[in-house]
Amino acid sequence: MDTLASNTLLKRDSFYTCRSGWLVLITAISVLLLTLTPLPALPIESPIHFTDVTDSAGIHFKHTDGAAGEFHLPETLGAGGAFLDYNNDGSLDLYLVNSAAPSILYRNNGNGTFTDVTAFTGVSNQGSYGHGVACGDYNNDGYIDLYVTNFGANRLYHNNGNGTFTDVTAKSDTGDARWSSSATFFDYNNDGYLDLYVVNYLNYKLDATYPPCFETPAFGATETTEKVRGYCHPKHFEGAPDRLYRNNGDGTFTDVTKAANIRDPGSMFHGKGLGVVAADFDADGNPDLYVANDDTPNYLFYNKGDGTFAEIAILTGCAYSADGIAQAGMGVDAGDYNSDGFLDLFVTNFSYETNTLYRNNGDGTFTDVSYKAQLGEESYLSLGFGTGFFDADNDGHLDIFVANGHIFPNVERTTDVLSYKQPNQLFWNQGDSTFAEIPLGEQPTVSRGTLFGDYDNDGDTDLLITQLNDKVTLLQNESKTSNNWLRLKLIGTRSNRDGIGARITLTIGAESQTREVHLGSSYLSSNDPRVLFGVGQETTVDQLKIRWQSGIVQILENLAVNQELVITEPLSNE
């Protein structure tokens, strides 16, 4: 193990095995310094407001981790979910993954409420310990399909187009039996069919005999004579290799992990993956992959355009934090937060680390600007999971949401400054490449996944947050602004049907916004397949430029705002 990785493990050992008193002292001094550092001023009156509508929407889901006092690591990951329109009625439905209980599919009734249709649709994932979900129309038949990741064999559900699904895992040969976390559909070889990338975490077995792990009580606590049983650090387990499946176009997939060079060339160890996003970071027309790894360097797989990838995260500056530490990557998203036309990266990490904003420099490299963007100190004591770039108030600038919650239920007994339940965070983009934290007014929770989507079709982005061993929270966006918007639904013809990988540039006057269609991101989750632009007080979009993955470029001009446009890919350049 290299020196950088070793330093990271020592840093996180403060939660699992406090090796000496000086480490506790250094931590205490660090926290004191944070309290003395002035925080940036918040907006006097933020127009951003979310309302918890979970109960009134008829969502009665509760995650079950199945813990029985054995402290098995899968119990800590939680589960995600998906916003998707499985029946093509124009309203986002909701799929919620469970772990030690059946998963649930809720149909959106179009009136702000949902109905549980799991029994009829056949997507309960019964008998599996679920974690994540990826959505995509892998056979281009016009209906969205589901891929569920598990601790154990994963499952692919084919949408039959009549409101039901069929488990086609065996036929498709996508049932990876490793411990999988996140996954995403994307078309890496530009053949018009969605391929599948599966992120795997650790080599871990329930029937293996692992020595118990303990936490040391906080310095000065009354329980100094007895250690506290806890979950083991992931350093005690080998990472599990990820998998890339190529879509053969006939309903089957081929494992091309080795052929595509999906590997870490600089280490004998596999990454311990938790999050993934597919995006074209160098704007060359070929989608790349970024994987958030836990306590091992993150991966950036550069798509060479010939069916193979090169892992270049260290070379490009997005493998480690600015001080050269491999952080505990959990959730991840890609978005152009500073409107320079290049997609940046945001990664959530562990407590006593910071979440990381990697600015895309436009020359093939990234720079960690977390502190410069006022996102560093603000996340130092939080443990982040689900996250995403989105425009909360439709002012034309991408904001950031982070779902927080610790993994150790007894963390308060080992430290005076951390908590198991933590408040989630919303960082408002101030338009100058910095962010200000906006209070949400929620109670602290043990949050995991975050879904982003306009479930009520009113032109702003709503949130659904999953919680470990607890209910989910549906937050309706009721921000008090008069800002306008434009929502796009893309339908590919030569490209994949979902339009995944299409790059969209919206221009008004001298200002432009760049987005790319990607469903899989955040943490264990899949988001609204439509693209929502906030345009502030503008009433007309001058130009909309769409570069489809097929290479076709489509331009639309003089578009009215506050509407959804369904845009079909032309068969040739206009």
Side-chain angles (χ1 to χ4, degrees), residues 82 84-86 88 133-149 154-161 165-176 182-199 242-262 276-280 284-289 301 303-309 489-503 516-521 526-527 529-531 546-552 554 567-572:
L84 73 160
D85 184 4
Y86 83 95
N88 289 348
V133 58
C135 297
D137 182 4
Y138 75 89
N139 59 349
N140 290 332
D141 65 353
Y143 294 94
I144 200 81
D145 308 298
L146 289 170
Y147 185 78
V148 183
T149 63
N154 302 328
R155 283 178 170 166
L156 177 62
Y157 290 101
H158 169 250
N159 190 329
N160 299 318
F165 290 77
T166 298
D167 185 339
V168 295
T169 310
K171 176 184 177 182
S172 62
D173 200 19
T174 55
D176 194 338
S182 295
T184 190
F185 282 103
F186 75 124
D187 184 6
Y188 83 93
N189 55 359
N190 290 337
D191 65 352
Y193 289 95
L194 291 176
D195 310 298
L196 177 64
Y197 189 88
V198 179
V199 179
D242 297 347
R243 282 290 174 262
L244 174 62
Y245 294 98
R246 186 190 65 223
N247 191 328
N248 299 320
D250 59 359
T252 67
F253 290 77
T254 298
D255 184 342
V256 294
T257 308
K258 183 177 180 180
N261 199 36
I262 296 295
V276 64
V277 63
D280 185 2
D284 66 351
N286 300 307
D288 311 301
L289 284 164
F301 289 109
N303 190 331
K304 298 168 67 175
D306 60 359
T308 67
F309 292 80
K489 178 181 179 180
L490 302 190
I491 300 176
T493 53
R494 291 180 56 185
S495 305
N496 66 84
R497 173 86 181 192
D498 294 326
I500 292 174
R503 178 172 288 240
E516 197 169 278
V517 181
H518 63 267
L519 279 61
S521 60
S526 184
N527 304 306
R530 304 167 299 181
V531 177
I546 305 172
R547 189 198 69 189
W548 299 82
Q549 268 212 254
S550 65
I552 290 174
Q554 186 175 10
I567 302 175
T568 300
E569 178 185 17
L571 296 178
S572 61

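Side-chain contact between Thr184 and His518 is absent, with no heavy-atom pair separated by less than 4.5 Å. The shortest distance between side-chain heavy atoms of Leu519 and Leu84 does not fall below 4.5 Å. The closest side-chain heavy-atom distance from Tyr197 to Asp195 is not below 4.5 Å. Within the 4.5 Å cutoff, side-chain heavy atoms of Arg497 are placed close to those of Ile491.
Remark: the backbone N or O of Asn248 is not paired with any side-chain donor or acceptor of Thr252 at under 3.5 angstrom. One N or O on the side chain of Glu569 and one on the backbone of Arg494 form a donor-acceptor pair closer than 3.5 Å. Formation of a donor-acceptor pair under 3.5 Å by the Asp176 side chain with backbone atoms of Asn154 is not found in this model. Without hydrogens or angle criteria, Asp498 side chain to Asp137 main chain gives a donor-acceptor distance under 3.5 Å. Looking only at distances, no side-chain donor or acceptor of Asp280 sits under 3.5 Å from a matching main-chain atom of Arg503. One N or O on the side chain of Asn247 and one on the backbone of Leu194 form a donor-acceptor pair closer than 3.5 Å. Within the 3.5 Å criterion, the main-chain N or O of Asn496 finds no donor-acceptor partner in the side chain of Asp187.
Taking OG1 from Thr308 and NZ from Lys258, the interatomic distance works out to 14.5 Å, rounded to the nearest 0.5 Å. Between the CD atom of Gln549 and the CG atom of Asn286 there is a distance of 8.0 Å, given to the nearest 0.5 Å. Atom CG of Leu490 and atom CD1 of Ile546 lie 5.0 Å apart (nearest 0.5 Å). Interatomic distance, Asp250 CG to Lys171 NZ, rounded to the nearest 0.5 Å: 8.0 Å. Within the model, atoms CG of Asp191 and OG of Ser495 stand 10.5 Å from one another, a figure rounded to the nearest 0.5 Å.
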* Might you work through the side chain to side chain contact (heavy atoms under 4.5 Å, CB included) test for Val531 and Val517, ending with a clear yes or no? => CA-CA 7 Å; Val531 177; Val517 181; 3.7 Å; yes
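Nearest heavy-atom pair, Thr149 versus Ala183, reported as atom, atom and distance to 0.1 Å: CG2-CB, 3.9 Å. Of all non-hydrogen atoms in Asn88 and Gly142, the two that sit nearest each other are ND2-O, 2.8 Å. Nearest approach of Pro570 to Trp548, heavy atoms of both residues: CD-NE1, 4.1 Å. Between Ile144 and Cys135, the shortest heavy-atom contact is CG1-CB, 4.0 Å. Nearest heavy-atom pair across Val256 and Arg246 is CG1-NH1, 3.5 Å. What you find for Asn190 and Pro287 is that their closest heavy atoms are OD1-CD, 4.2 Å.
Residues forming a side chain to side chain contact (heavy atoms under 4.5 Å, CB included) with Phe165 (at least two apart in sequence, or on another chain): Tyr86, Leu105, Thr121, Val123, Leu146, Tyr157, Asn159. Taking the ring-ring contact (aromatic ring centres under 6.0 Å, His included) definition, one finds that Tyr147 meets it with nothing, sequence neighbours left out. Scanning for side chain to side chain contact (heavy atoms under 4.5 Å, CB included) contacts around Phe309 gives Phe186, Tyr188, Leu244, Ala260, Ile262, Leu289, Phe301, Asn303, with sequence neighbours left out.
Screening Asp141, Asp145, Thr166 against Asn160 for a side-chain hydrogen bond (donor to acceptor under 3.5 Å, both in side chains) leaves a single residue, Thr166.
Classification of the Tyr138-Phe253 ring pair by plane angle, with boundaries at 30° and 60°, yields tilted.
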